[in-house]
Protein chains: 2
Amino acid sequence: MATMVEVARLAQVSISTVSHVLNGTRNVEPETRSRVVDAIEKTGYRQDALARAMRRSRTESIGLVVSDAGEPAFADMVHGVEDAAVERGLTLVLANSAENPDRERRAVHTLLDRRVDGLILACAAESDPALMVSLREEKTPIVLLDRVFSDLPFDQVGADNRDSMRRLISHLLAAGHRNFVLVAGDVRVPTLRERLEGFTDAIASAGLAPSDQLVLTGTDESAIRAALRGLRGSATAVVAASTPLAALALEELRASGRGIPADIAFATFDGFNHSDLFEPRLTTVRQPAFDMGVAAVRLLVERLASPDSRPRIVRLQQQLELRDSTEGFRPREARE
Amino acid sequence: MATMVEVARLAQVSISTVSHVLNGTRNVEPETRSRVVDAIEKTGYRQDALARAMRRSRTESIGLVVSDAGEPAFADMVHGVEDAAVERGLTLVLANSAENPDRERRAVHTLLDRRVDGLILACAAESDPALMVSLREEKTPIVLLDRVFSDLPFDQVGADNRDSMRRLISHLLAAGHRNFVLVAGDVRVPTLRERLEGFTDAIASAGLAPSDQLVLTGTDESAIRAALRGLRGSATAVVAASTPLAALALEELRASGRGIPADIAFATFDGFNHSDLFEPRLTTVRQPAFDMGVAAVRLLVERLASPDSRPRIVRLQQQLELRDSTEGFRPREARE
DNA sequence: CTGTTAGCGCATTCAT
DNA sequence: ATGAATGCGCTAACAG
């Protein structure tokens, strides 16, 4: 690879002139410039981003650590981040923590050591608190994505989970449902906790007895499965707080012979791709994952521009998509 | 950030000793080493990957350019590449060409300028041939992913598209189908072209008249839609060559009131996530996208190790998942 | 308007 | 077993 030295020699100028025509960082006589441009052409010179980054202490790159690259929602966030980054001339360095705190810590440090200009972090479920604390000391700006920790002084992007759950439950209440099953999952994950809180809120403000509701929390998949399979009694609606939980719940409901929505109503957060092409068509609270990625980059870039402004938390609104899976319920009183 | 100089001073050694204990690259007296280790601890020193890369001319990173980060299949490939990269201590730099040749070219050059040690490229549909040619001159190893150009001297990873299509059609032939609609899409994309070829092969070896088959090619979505909507006559099975094409076809079949599989059989390549939870359950040729990503990294690393060995093309097998959407067809003769 | 020069932080060769 | 010194390729003072 040709370096600036060779270009300079060929163009009969100093390397600093080459650098300046390259970066447009000071005036240079048209005649000289064109000699340089020609030399660049001839040598096939291309700037070495590494050396440049080193000298300027700016890599023009950002890091992104996601907790589960396998989930479509996270894939969409990655997509959004990449898109927004390219638009600003930033390169994306990607790492996946696979919901593993140790791997997360290593990923963060790898990216930091590569001197990314900023870091976007979608925390793992069991994120090491010590990591968070140490990250506050970093001078590399950090934006938390999806999983919001309101007590931490970071810029953050999340969805309005609590509110969306309230809206969903309101809708189901209006349709006559009084007894719910919430498949809540691992409530250490802020996103899932917020959804649970929204549920609790909604139940409380409707004046319903919490004891009439079944909330399945935790990471023990088989326990959740068992609970769903053995489901009996009064529940008329199942709500899944995430796509993996929905997949699991749908399997068990099917296994136990329950039809949706004939026997029981069903709704989920995040949802499945192209799901309106298939039956049952699920009522879904759709996360604006792509836009969340875009927003994270925006926060990061703004932070880079003004390092001392106050941290901001952005909540993007989720879309409540009503479909067949919550249609056609008849409250008990109205049945024949 | 502390540098080696500060560590050296604190430990009362030269920076070269610090470097050597860091990299284990020569013997150092235990006593000295421990002073250095302590100093590293105290200063919170972390190696600057940029400076290191510059000095060694090795970034320990690889680049990945995908053509459509939005498609789940590509998301899975990204996931596989990331996983395999991390396992080898490599960092992943990601770019998305969004099926845009110009953006693809820029992405490739951006990554190359960042001196990634190797590059994995899932070409866009209209990839600039000039780009390919210029890439052959690069000394950075390049692996082509998913879209295989057998005449190009690159390491490549693809799926056995042609063969899988033959297997799928064989199955449908055995079930009595004689008249197909293939939604083939943009056959400039090697993957789609191979699937089309497999189809042609299968029809030929079954001794069927190509003129009895309807093949829909091209990028004009509304033309394809129209053809599907206006579908009449003898076709008993529709095959979609990719997920986006399947989505489109399913929409149109539904719009024209055709039931699957009651009125017409349906099968698709690549498929939908969690699709076995929903109706109709689609017969699917599943691409091992994650594994393809892993394989690409493997090829790249091996190429790095032996730069002069002959380029290899790896074809991973696809899984034929038979489901309801191709069940229950009765050949005309057998009908009452 | 242009050239000279000093590092950025590190790995490494050559001394000792 | 350790240190001194060089340079990777570039940008940005500083000097003319």
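All heavy atoms count here, side chains included; hydrogens, waters and symmetry mates do not. Sequence lines set the chain letters: A, B, ... in the order given, protein chains first and strands last, and positions in each chain run from 1.
- Residues A:Glu302 and A:Arg312 are in side-chain contact: their nearest non-hydrogen atoms beyond the backbone lie under 4.5 Å apart.
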Expected string for nucleotides 9-16 of chain C under the B/S/- scheme (protein heavy atoms, under 4.0 Å, primed atoms plus P, OP1, OP2 as sugar-phosphate) is BBBB-B--

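- Checked for salt-bridge contact, B:Arg105 and B:Asp128 miss the test: no charged N lies under 4.0 Å from a carboxylate O.
- The residue B:Glu6 sits apart from the nucleic acid: no heavy atom pair falls under 4.0 Å.
- No donor-acceptor contact under 3.5 angstrom links the side chains of B:Asp76 and B:Gln287, judged on distance only.
- Looking at A:Arg147 and A:Glu126, no side-chain N of the basic residue comes within less than 4.0 Å of a carboxylate O on the acidic one, giving no salt bridge.
- The interatomic distance linking B:Asn27 (CG) with D:dG3 (C1') rounds to 16 Å, in whole Å.
- Nucleotide D:dT11 holds its P atom 11 Å from the CD atom of A:Glu60, rounded to whole Å.
- With a 4.5 Å cut-off on side-chain heavy atoms, B:Asp146 and B:Val157 do not count as touching.
- Atom CG of A:Leu50 is separated from atom P of D:dT11 by 12 Å (rounded to the nearest Å).
- No side-chain donor from either of B:Thr59 and B:Arg114 sits under 3.5 Å from a side-chain acceptor of the other.
- Within 4.0 Å of A:Glu31, counting heavy atoms only, lies no atom of the nucleic acid at all.
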